[in-house]
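Note that the coordinates shown come from a computational prediction; the quantities given were computed from them, not determined experimentally.
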Amino acid sequence: MRHLRNALLTVMATGLAVTALAQVPAAAAPAAVPAQPKFLSASQLPASHTPWTAGPIRKGVPAEGSVCTTGIAPAAGTRHRDFRTELDTNARQTITVAPTTAKAKALAAELRGALETCLDRLKEQDPGLEGEAFYQGRINVEEGAHVYSIDTSYPEVGSTDIGLYSVGRDGRTVTVVEWGQMGELDGAPLEGFKKTTRTAVAKLH
């Protein structure tokens with residue numbers, strides 16, 4: 001009888017332990033870290049006479065700011081990547097993740113405004129500069145992207161430069177793509193740049 005009673009006590013104790021464990025709440029699973037937006041690769045830039053080389057992805061805004069949009073994107077939440085070729089053609093992609101969708105929309109609008117007024121501001125700073133600026137249209141990708149061209153020249157020295165720019169948004173994420181080289185708009189890969197812009201926005205998330 002003593003052995004039976006001891007066996008019953010052991011079973012009861014085991015059952016209480018199992019019940020106590022069952023009542024302990026499971027630890028909450030750690031929140032998933034959102035994936036960082038993806039950057040363009042060198043092969044996704046407009047075709048060039050020499051291959052593109054992609055620089056590293058760096059945190060913050062570029063140390064050497066962009067001509068038209070310097071000081072607009074915040075350093076927090078921003079990363080950038082520079083590209084170049086052997087023929088003085090260069091490009092840059094900047095990505096900013098805003099705290100909210102509303103702030104991302106406001107940032108995209110401010111960047112677009114800066115591009116639309118860029119040539120006028122450049123002429124004010126340098127009266128010898130001439131040029132033309134055009135809005136090259138909207139691209140239907142995610143929340144949309146907008147493309148601009150700015151063609152500048154110094155008649156006194158005979159130099160000309162062409163820049164292509166785009167601003168796109170996907171939710172809280174805003175990206176700016178820039179492309180530039182010596183020459184005029186007629187020689188710029190506008191359709192290739194639009195394709196690059198579409199890819200840049202589509203691959204953010």
Side-chain angles (χ1 to χ4, degrees), residues 40 42 44-55 58 60-75 78 80-96 105-141 144-169 174-201:
L40 290 165
Q44 293 169 324
L45 293 175
S48 178
H49 294 296
T50 59
W52 285 97
T53 299
R58 302 184 185 277
V61 295
E64 296 183 0
S66 301
V67 173
C68 295
T69 57
T70 297
I72 296 178
T78 296
H80 66 278
R81 187 179 207 179
D82 289 334
F83 305 83
R84 63 180 179 81
T85 72
E86 296 176 2
L87 294 178
D88 295 326
T89 304
N90 55 76
R92 170 179 288 165
Q93 183 181 13
T94 305
I95 297 177
T96 302
K105 291 174 68 175
L107 174 60
E110 189 174 359
L111 288 166
R112 288 187 59 196
L115 290 173
E116 290 166 358
T117 60
C118 183
L119 182 58
D120 291 338
R121 289 184 283 117
L122 292 175
K123 287 181 177 180
E124 289 178 1
Q125 297 170 12
D126 190 346
L129 181 70
E130 296 183 359
E132 292 182 311
F134 298 99
Y135 174 58
Q136 300 290 350
R138 184 182 192 277
I139 298 174
N140 294 320
V141 55
H146 300 267
V147 179
Y148 303 83
S149 65
I150 301 176
D151 197 344
T152 58
S153 65
Y154 287 91
E156 292 184 1
V157 297
S159 66
T160 59
D161 294 280
I162 178 64
L164 301 176
Y165 307 85
S166 63
V167 178
R169 184 174 67 87
V174 178
T175 187
V176 175
V177 182
E178 306 166 73
W179 175 98
Q181 71 174 22
M182 295 180 63
E184 299 179 353
L185 181 59
D186 290 346
L190 181 57
E191 292 307 313
F193 183 78
K194 288 182 177 181
K195 181 179 179 181
T196 294
T197 295
R198 179 183 294 278
T199 301
V201 178

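Heavy atoms only, all atoms of each residue included: Ala114 and Cys68 are closest at CB-O, 3.5 Å. Nearest heavy atom pair, residue Pro74 against residue Val61, reads O-CG1, 3.9 Å. Between Thr94 and Pro62, the shortest heavy-atom distance links the atoms OG1-CG, 4.5 Å. Among all heavy-atom pairs drawn from Phe83 and Leu40, the shortest one is CZ-O, 3.6 Å. Closest non-hydrogen pair, Ala73 versus Thr96, comes out as CB-OG1, 3.7 Å. The two residues Tyr148 and Arg112 make their nearest non-hydrogen contact at OH-NE, 2.8 Å.
Once rounded to the nearest 0.5 Å, the distance linking CG of Leu119 with CD of Glu124 reads 10.5 Å. Rounded to the nearest 0.5 Å, atoms CD (Glu130) and CG (Leu122) are 13.5 Å apart. Summarising the geometry, atom CZ belonging to Arg81 is positioned 13.5 Å from atom CZ belonging to Arg92; distances are rounded to the nearest 0.5 Å. With rounding to the nearest 0.5 angstrom, the CG atom of Asp126 is 10.0 Å from the OG1 atom of Thr152. For the atom pair OG1 (Thr69) and CG (Leu115), the distance works out to 6.5 Å, reported to the nearest 0.5 Å.
A 6.0 Å sphere centred on CZ of Arg138 holds more than 12 heavy atoms belonging to other residues, nucleotides or ligands. Few gaps surround NZ on Lys194; more than 12 heavy atoms of other groups in view lie less than 6.0 Å from it.
Side-chain contact between Val176 and Ser66: absent, with no pair of heavy atoms (C-beta onward) separated by less than 4.5 Å. No side-chain heavy atom of Tyr165 sits under 4.5 Å from any side-chain heavy atom of Leu111. The shortest side-chain heavy-atom distance between Val201 and Arg169 does not fall under the 4.5 Å cut-off. Side-chain atoms of Thr197 and Leu164, non-hydrogen and from C-beta on, never get closer than 4.5 Å to each other. Counting heavy atoms from C-beta on, the side chains of Trp179 and Ile162 come closer than 4.5 Å. By the 4.5 Å heavy-atom criterion applied to side chains, His49 and Thr85 are not counted as neighbours. Looking only at side-chain heavy atoms (C-beta outward), Gln93 and Thr175 come within less than 4.5 Å of each other. Here the side chains of Asp151 and Phe134 are not in contact, with every heavy-atom distance at 4.5 Å or above.
In this model, a donor atom of one side chain and an acceptor atom of the other lie less than 3.5 Å apart for Gln136 and Ser149. With no hydrogens or angles considered, no side-chain donor-acceptor pair links Tyr135 and Glu116 at under 3.5 Å. When only modelled atom types and interatomic distance are considered, Thr199 and Gln44 share no side-chain donor-acceptor pair under 3.5 Å.
Looking only at distances, a side-chain donor or acceptor of Thr50 sits under 3.5 Å from a matching main-chain atom of Glu86. Counting only distance, with no hydrogens or angles, the side chain of Arg84 and the backbone of Gly55 share no donor-acceptor pair below 3.5 Å. Within the 3.5 Å criterion, the main-chain N or O of Pro46 finds a donor-acceptor partner in the side chain of Trp52.
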Can Ile72 and Leu107 be said to form a side chain to side chain contact (heavy atoms under 4.5 Å, CB included), step by step?
-> CA-CA 8 Å; Ile72 296 178; Leu107 174 60; 3.8 Å; yes
Would you check, one step at a time, whether the test side chain to side chain contact (heavy atoms under 4.5 Å, CB included) holds for Tyr154 with Leu129?
-> CA-CA 5 Å; Tyr154 287 91; Leu129 181 70; 3.7 Å; yes
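Take Arg198 and apply the salt bridge (charged side-chain N to carboxylate O under 4.0 Å, His left out) test, not counting sequence neighbours, and it matches no residue.
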